[in-house]
2 protein chains.
Amino acid sequence: MSLRHALLDLLAAGEPMSGYDLAQEFAVSLANVWPAQHSQIYPELARLVEEGLIVQTGEGPRGRKVYEATPAGVEALRTWLLETEPDYGVRSEAFLRSFALWTLTTEEAQAHLARDRAEYARHLQYLDTAIAAVDWSTSPSMRGRRLAIEFGHRFFTQLVEWADWASAQVEAGLLEPGGPLPAPPWEHSEGTDAKV
Amino acid sequence: MSLRHALLDLLAAGEPMSGYDLAQEFAVSLANVWPAQHSQIYPELARLVEEGLIVQTGEGPRGRKVYEATPAGVEALRTWLLETEPDYGVRSEAFLRSFALWTLTTEEAQAHLARDRAEYARHLQYLDTAIAAVDWSTSPSMRGRRLAIEFGHRFFTQLVEWADWASAQVEAGLLEPGGPLPAPPWEHSEGTDAKV
DNA sequence: CTATACATGTAACAAGTTACATGATTAA
DNA sequence: TTAATCATGTAACTTGTTACATGTATAG
């Protein structure tokens, strides 16, 4: 159900888009949220048209088909947000890899962490450049999307910081038997207690 | 390919485990990294046995089968880390939802963010309790896993902070036309520049 | 005129989820 | 004795990936 809502959101945001445009969008802004290939997008668009949640409002060269969300489509988006239970699960191969770092030597782990660090920093820099290039005040969707972008910015900032921290721990001998262990995390987290 | 490496990592960590044990582990510590159901785990275990990456080393009541990783299995884990390109993509429905918050009213968005916040804080608290209950010095795998746990701790801390930030922005009128927009993210991120 | 980007689609396969199915042990 | 938990598995379905297939417009 997530893919269709991602498409619906993009098409409801204002600008009419083609399947090709949407695929581009998935390759950049949605790549780290809900990746999708064009082979998945085109059939889903056909289903959305069939259900009346989007309509084709234009065409272009090379058989280009341009779609927009219908009022029913926007309503479906709202219903999704308001009436379905969020799935808070996250899937990340990079995170999974960190579970297995102990099978590497200190040097190998350092190399792995350095590569991760570079990749996260590269992505963060790209994000910041993208943020700076956009006028976030133009439309309601843009204004709201600013929240999502901040989420991404903080996420990648945190990844870079984690990689640096992990690298320092490994350098200090974490992976060597008898090496020092870091202090518990709660010593550097304050003000995030549950309001329950 | 990720599921098998997650299983391999757990079985290589030291303690022999059954499919049931592994499913429990996926329901807790790996739930926010690489979720998996028992229906996916049992067939994968059978394949891993067939390929000689794990062996059944014991049995228990109710047809319980206990497995351990073979040296070939540990080597396969290392090869995965050292010789395959990481997939840095992240999939998160909660993150995707934040893209569509603009379709909600200020009040509706606040309710949604409050629910997210509570869920993240709850999970963070659970994580911290779990961290405190464990002796991280016992084995190489435990020592290394400390890095992954820190990753999770920071991730959820950041989510709580983001939800608070987003809520404050919405409260200030971000979703209302003409309302104030937050300052660009880079103003509160320092020391994470790419070392490229 | 030729390579690249644009543009849409389908087919075969792999991965993941939900539901079904069965039965043993244990604690109250 | 009965409910909960332990324990393993399969089947049907949905979702997602990779590869195949085709053709048009544009820029150099």
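Chain identifiers are assigned alphabetically (A, B, ...) following the order of the sequence lines, protein sequences preceding nucleic acid strands; residue numbering begins at 1 within each chain.
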_Gly19(B) or Met1(A), whichever maps to the more 5' nucleotide of DNA chain D_ = Gly19(B)
*Take atom OH of Tyr42(B) and atom P of dT10(D), then tell me their distance rounded to the nearest Å.*
11 Å
_Distance test, side-chain N/O of Gln37(B) to OP1/OP2 of dG16(C), below 4.0 Å_ = no
*Ignoring backbone atoms, establish whether Gln40(A) has a side-chain N or O less than 4.0 Å from OP1 or OP2 of dG16(D).*
yes
_Nearest-Å distance for atom pair CZ/P, residues Arg47(B) and dT10(D)_ = 11 Å
_Spacing of Lys65(A) atom NZ relative to dT24(D) atom P, expressed in whole Å_ = 16 Å
*Take the protein atom CZ of Phe26(A) and the nucleotide atom P of dT17(D), then report the distance between them rounded to whole Å.*
11 Å
*asked:* Can you see if the side chain of Arg91(A) gets near the phosphate of dT17(C) - specifically, an N or O under 4.0 Å from OP1 or OP2?
replied: yes
*Whole-Å distance between dA5(C) P and His38(A) NE2?*
16 Å
*Row check, Trp34(A) ring normal vs Arg91(B) NZ/CZ: under 6.0 Å, within 45°*: yes
*Output yes when at least one side-chain N/O atom of Tyr20(B) is less than 4.0 Å from OP1 or OP2 of dT8(D), else no.*
no
*Protein-nucleotide distance (Arg64(A), atom CZ; dT24(D), atom P), rounded to Å*: 17 Å
*asked:* Closer than 4.0 angstrom, basic N to acidic O: yes or no for Glu150(B) and Arg146(B)?
replied: yes
*Could you tell me the separation between the CD atom of Glu44(A) and the P atom of dT14(D), rounded to a whole number of Å?*
12 Å
*Flag if over 12 foreign heavy atoms under 6.0 Å of CD, Gln24(A)*: yes
*Does the base of dT18(D) carry an N or O that pairs as donor and acceptor with the side chain of Ser39(A) under 3.5 Å?*
yes
*Nearest nucleotide by nearest heavy atom, which residue falls closer to the 5' end of DNA chain C, Leu3(B) or Pro61(A)?*
Pro61(A)
*Whole Å only: how far is the CG atom of Asp87(A) from the P atom of dG16(C)?*
14 Å
*From dT8(C), dT8(D), dG16(D), nucleotide with atom closest to Trp34(A) side chain*: dG16(D)
*Any chance the side chains of Tyr88(B) and Asp116(A) put a donor and an acceptor closer than 3.5 Å?*
yes
*asked:* Base, sugar-phosphate or nothing for Ser2(B)? Non-hydrogen atoms, less than 4.0 Å.
replied: nothing
*For Pro43(B) and for Asp21(B), locate the closest nucleotide of DNA chain D by heavy-atom distance; then report the residue assigned to the nucleotide nearer the 5' terminus.*
Asp21(B)
*Would Glu51(A) and Arg4(A) pass as an ion pair if we require N to O under 4.0 Å?*
yes
*Counting heavy atoms from C-beta on, name the nucleotide in dA25(D), dG16(C), dA15(C) closest to the side chain of Arg62(A).*
dA25(D)
